[in-house]
Amino acid sequence: MEKTAKVSRPFMDDLKHTAFLWRRSRLTMIGSVIIVIFLLIAAFAPLIAPYSPVEQNLSIKLQSPSWQHLFGTDQFGRDIFSRVITGSRTALWIIFLVSVISGSIGIIIGVTAGYFGGIVDEVLMRITDMFLAFPSLVLAMAFAAMLGPNLTNTIIAISIVSWTTYARLSRAEAIKVKSQPYIEAIRAAGGGNLRIMFLHVLPMCISPVLVQLTLRMGTIILTAASLGFLGLGVQPPTPEWGAMVSDGRNFLIDQWWISTFPGIFIAFVVLGFNLLGDGIRDMLDPRLRR
Amino acid sequence: MKRSFMLVFLTVLIVAVTGFAATPKDTLVIGSNTGIFITMDPAVAYEVLPNKIVAACYAQLVNLKAIDGVIVPVPDIAESWEISEDGLTYIFYIRQGVKFSNGDPLTAEDVLFSLKRPILLDSVSAWFLVDIFGINKDNVDEKIKQIDENTITITLNAPYAENITLGILSNMFTGIVNKDVVLANEVNGDLGTAWLADHSAGAGPYVLVQWERNNVILLEANPNYYGSQPPLKRIMIRDVPEASNQRLFLERGDIDVAWDLTPQLLTEAKKNPNVVEVKVPGHSNEYLAMNASWGPLKDPKVREAVRYSINYKEIVEDIMLNNAMLVQGFINKGYFGYVEENPFYQDIEKAKALLAEAGYPNGFEVELITSNTDTRKAEAEKIQADLAKAGIKVNLVIVQSSQMYEKYRAQGHQMIIAGWGNDYPDPDNLAMSHASYRANQLAWRNAWYDDYAATLCEWGQIEPNQDKREQIYKDLTEYWFHNGPFAMLYQTVEFWGIRKEVKNFEEAAFGYGMLFDFTKVSK
Amino acid sequence: MNFGQFLLRRLFLMIIVLFGVACIVFFIANIIPADPVGAILGGNAPPEAINRLKAKLGYDQPLIIRFGNFIAGALRGDFGVSLKTSNPVMKDIMNYFPATMELAIVAIIISIFLGITLGVLSAVHRNKAIDQFSRIFSILGVSMPVFWIGLLLLLVFYFKLGWLPGGGRLGFFTYPPPRVTGMYLIDSALAGQWDTFKEALLHILLPAFVLGYNATASIARITRASMLDVLKQDFIRTAKSKGLKRNVVIYRHALRNSMIPTITIIGLVFGGLLEGAVLTETVFSWPGLGRYITTGMLFLDYPAVMGGTLYIAFIYSLANLIVDILYALLDPRMRM
């Protein structure tokens with residue numbers, strides 16, 4: 001009900017109101033700023049990074065942070081600052097693809113289940129339950145092992161384990177939407193099932209899924225990092241934060257900078273996504289909008 | 001509510017500061033990643049460390065010992081032996097008066113049972129017996145016989161050099177088990193192998209009293225051991241999967257020995273005055289191998305170019321932090337036939353010229369597979385960077401070692417970084433695996449079908465004259481250097497971080513890979 | 001639908017889900033291009049030796065027969081024999097699971113306690129310092145890799161300060177208490193071995209905190225949200241207007257009414273805990289089921305991986321079933 005009320009309000013007013021809510025929540029603003037910084041770093045990585053992220057120079061290995069090497073150097077003498085900066089691109093790529101893939105799988109399964117109901121719903125939801133009941137890290141490990149470890153397969157593995165939430169969410173939304181009078185009207189006017197599903201029901205499910213996606217973007221980086229820790233992640237020399245943290249863990253005591261800086265960046269970006277996600281949820285929450 | 005929680009938390013912390021005691025005087029506490037350990041059955045155990053733990057619990061037919069820095073087969077339960085004229089039959093005389101840990105006398109019957117056991121079990125670690133000596137389930141009664149109360153004979157399919165035969169027989173599968181005890185614990189005709197997985201029934205210096213998997217392995221001194229009692233009453237192996245945690249435990253004195261440190265962790269840990277490093281030459285090597293049936297690697301010039309692209313010195317000094325020896329032949333330092341010459345070094349110009357000659361002036365793209373240990377990963381990254389300088393683009397594939405071997409065995413790799421741990425202290429083991437495709441091992445996996453090399457290997461196996469054998473292996477190495485599918489990176493050095501109170505560890509560890517003598521360690 | 005029918009239906013669904021999980025597990029285990037036999041043999045063994053072992057273990061049988069055997073066995077609670085430990089997998093699971101369960105239970109206790117406290121405080125003091133602190137605290141919890149937090153805490157509390165032990169379930173020289181449940185805290189308390197109890201407690205604190213950090217964050221967040229909801233409702237206003245004390249309103253009325261979503265999330269995070277155990281157990285050398293599965297995975301010990309995973313899925317489904325039942329009892333409308 002709230003949704004339709006919102007849609008009927010003039011668009012500009014709504015936007016203004018959203019902007020107002022955004023400004024009012026300091027944490028959401030901080031989150032947005034973090035994400036913008038993250039995107040800028042990823043966009044201009046080659047300009048920001050002072051050295052090559054992959055070139056080795058063993059004569060300067062394991063140097064502590066200095067003006068020359070802001071974040072120090074790793075066991076191959078590579079500049080960690082450059083690697084962290086370049087790693088933002090890998091992180092962004094993983095987040096983007098996993099979100100798109102798992103989001104689409106989730107929406108399609110969820111909407112189909114919710115829209116058709118009955119046996120279709122039953123089957124699809126049981127499949128969802130199976131994936132939920134499966135310890136997802138073990139599942140991701142298995143898939144990464146099965147497909148072979150590299151960037152693409154890591155992305156596929158994480159996507160396969162993370163679509164379930166979106167499926168449940170969009171199913172609930174689809175059930176709500178399909179009972180709306182206007183859907184009935186379209187059907188009466190001769191709209192086919194597929195047409196109604198994709199053009200009228202699915203779009204209504206996108207926004208809650210988007211919010212959930214934002215909330216879970218942080219988790220994606222963490223799952224990638226955990227896979228790296230268990231030895232199944234992005235392959236070197238591609239700089240990836242999770243792999244950098246886990247490779248550097250044996251150096252944690254004496255060469256703290258190797259895993260700490262990428263760790264801080266992971267925490268920073270995940271924090272940004274979480275704050276932003278929280279904020280968006282609050283903003284869209286009709287109870288708070290009133 | 002929150003305050004009360006903090007209060008509880010702080011109280012617990014304060015209670016905790018009662019301090020942690022050092023390890024007991026009569027016990028050696030080892031921290032190691034025991035995740036890969038499978039079984040303590042001497043007929044089946046295969047991995048390096050579990051094998052040495054098993055070795056502490058069982059007396060063997062023949063054993064290995066380091067004498068003047070060379071590992072040689074020595075009598076154990078076989079007090080002495082003779083070889084028949086034709087060199088095919090070995091006659092072993094069993095030591096009298098030896099008792100098992102439970103007090104039962106050890107007889108020739110136990111020996112016969114124990115020697116046949118791995119074959120009847122289809123034990124994988126006994127593949128030497130089956131695939132080299134030609135002893136299998138069908139002919140085992142013919143090949144291994146008890147002649148009288150203290151004599152056992154073993155008949156081979158070829159007159160192998162004595163050092164080879166005894167070297168193979170010194171493997172763990174000749175550990176003598178107590179036949180009565182084992183059969184009493186038999187389930188469904190498994191010859192007691194399930195029970196022996198975490199129990200021991202041997203005549204070695206120690207007894208396995210407990211193995212709680214992923215947690216602790218405990219050995220206690222065997223009161224009935226036929227040799228002198230070991231100085232340490234107990235050996236305890238705690239499962240500590242993370243190398244960095246092993247280092248923390250070591251520095252805090254909670255363990256006496258950290259078994260799986262990385263070179264870097266060892267370098268840092270030994271800055272602690274209570275920690276000492278121990279290094280002994282290893283009995284394994286680390287190599288980059290090239291599949292000689294794949295694309296550009298078919299051309300020996302390309303393989304030579306790869307060998308000239310690698311900076312071996314930096315791998316030994318900067319990656320391994322000198323916990324490795326620059327050896328480029330396949331025969332380890334300390335073995336006869338060892339070639340001192342190391343012909344390869346990084347020379348990018350030469351590598352590029354060779355590539356151009358072979359028709360790849362702009363290099364090529366290749367996949368390099370290896371397993372995901374810290375060391376292998378670092379080596380792979382280093383080699384990736386080295387080869388890039390010569391224009392060869394390397395894509396790394398880092399997987400579990402089981403997956404790597406699956407691919408390797410099917411000749412499915414392009415390049416691989418792996419290692420070979422010796423099975424017996426004779427160059428034959430190294431030559432056959434690295435140079436003879438007919439042995440179906442490394443040379444075959446890399447599709448190096450070279451009949452000249454294979455023939456030299458087989459000749460060396462049966463040549464009775466030691467000097468001639470040595471010359472064969474030297475000639476083979478020279479040929480193999482420039483024609484073979486390998487770039488040998490180094491010979492391993494085994495290293496540990498230990499507490500300074502632990503004594504004679506180096507002596508005990510000398511020869512590790514082949515042997516580890518827990519009875520020498522004291523505190 | 002009455003309660004009996006509801007229960008039957010839920011049980012039936014659970015069985016279907018578990019069957020599905022079994023199918024996925026089997027499919028994955030048998031399609032990974034890796035060689036369990038090779039893993040046992042190590043790198044030196046020649047192909048002949050490998051083929052012999054394959055035949056011995058039945059890996060040369062057709063897939064469909066192996067699948068049939070697996071399902072038939074699983075129904076009897078028999079997952080076959082672990083390639084690695086040569087024990088029946090079920091025996092291994094029974095051996096390792098109590099350790100994981102103990103860890104998960106302590107973790108959930110810590111996180112319920114901490115999570116609800118933070119959630120209530122930040123709802124009551126919405127947008128004040130305590131709210132911001134709690135949000136940052138919980139967001140940091142889900143922002144750092146678990147293994148990294150674990151290593152950092154080990155570094156501080158074990159290595160630098162020496163306040164807490166560095167891993168394992170008990171000190172190296174303490175014998176475990178006589179086994180009743182397999183959970184050392186309970187067993188040692190039952191046996192009256194208070195020294196062992198204290199030691200077990202000290203050993204479990206860090207790993208349980210690390211494992212529960214994530215759950216703490218979720219619980220705090222959901223409690224805050226549902227508290228905010230409830231606090232706005234009419235009966236709270238009524239209670240306030242009746243002049244009840246603020247704390248009575250908050251803790252007696254609001255908290256109780258906001259517990260339903262919290263209970264749901266506890267059911268959900270419990271599954272997450274079993275899973276997080278995979279990482280935590282490795283960092284803290286904790287001999288539990290998570291580590292059993294990961295080492296099994298590295299070793300391609302398929303029976304162990306399949307059995308262990310199925311068991312975790314079973315426990316997870318059971319936890320959710322219990323939550324659903326609680327739910328249905330609390331709110332009959334949910335029995336759909």
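Letters A, B, ... are given to chains in the order of the sequence lines, protein chains preceding strands, and every chain is numbered from 1.
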Rounded to the nearest 0.5 Å, what separation is found between the CE atom of B/Met290 and the CZ atom of B/Arg307?
->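 Atom-to-atom, B/Met290:CE and B/Arg307:CZ are 5.0 Å apart.
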
Let me know if [X] has heavy atoms under 4.5 Å from chain A in its side chain, its backbone, both or neither.
X	value
B/Ala378	both
B/Leu261	neither
B/Gln384	side chain
B/Ile315	neither
B/Lys382	both
B/Asp318	both

Chain B contact via A/Glu55 - which portion, at a heavy-atom distance below 4.5 Å =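 Nothing of A/Glu55, per the 4.5 Å heavy-atom cut-off to chain B.
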
Within a reach of under 6.0 Å around NZ of B/Lys279, are more than 12 heavy atoms found that belong to other residues, nucleotides or ligands?
->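 Yes, the 6.0 Å shell around NZ holds more than 12 heavy atoms from other groups.
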
Using a cut-off of 6.0 Å, state whether more than 12 heavy atoms not belonging to A/Trp93 lie near its atom CH2.
->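 Open.
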
Look at B/Thr373, B/Val394, B/Leu265, B/Leu248 and state which one has the largest set of heavy-atom pairs under 4.5 Å with chain A.
->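 So the answer, after comparing B/Thr373, B/Val394, B/Leu265, B/Leu248, is B/Leu265.
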
Tell me whether the centres of the aromatic rings in B/Tyr312 and B/Tyr345 are closer together than 6.0 Å.
->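 No - the distance between ring centres of B/Tyr312 and B/Tyr345 does not fall below the 6.0 Å cut-off.
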
With sequence neighbours left out, write down each residue that passes salt bridge (charged side-chain N to carboxylate O under 4.0 Å, His left out) with A/Arg89, or none if nothing qualifies.
->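 A/Arg89 satisfies salt bridge (charged side-chain N to carboxylate O under 4.0 Å, His left out) with no other residue.
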
Using salt bridge (charged side-chain N to carboxylate O under 4.0 Å, His left out) as the criterion, list what pairs up with B/Glu379, not counting sequence neighbours.
->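 Not a single residue meets the salt bridge (charged side-chain N to carboxylate O under 4.0 Å, His left out) criterion with B/Glu379.
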
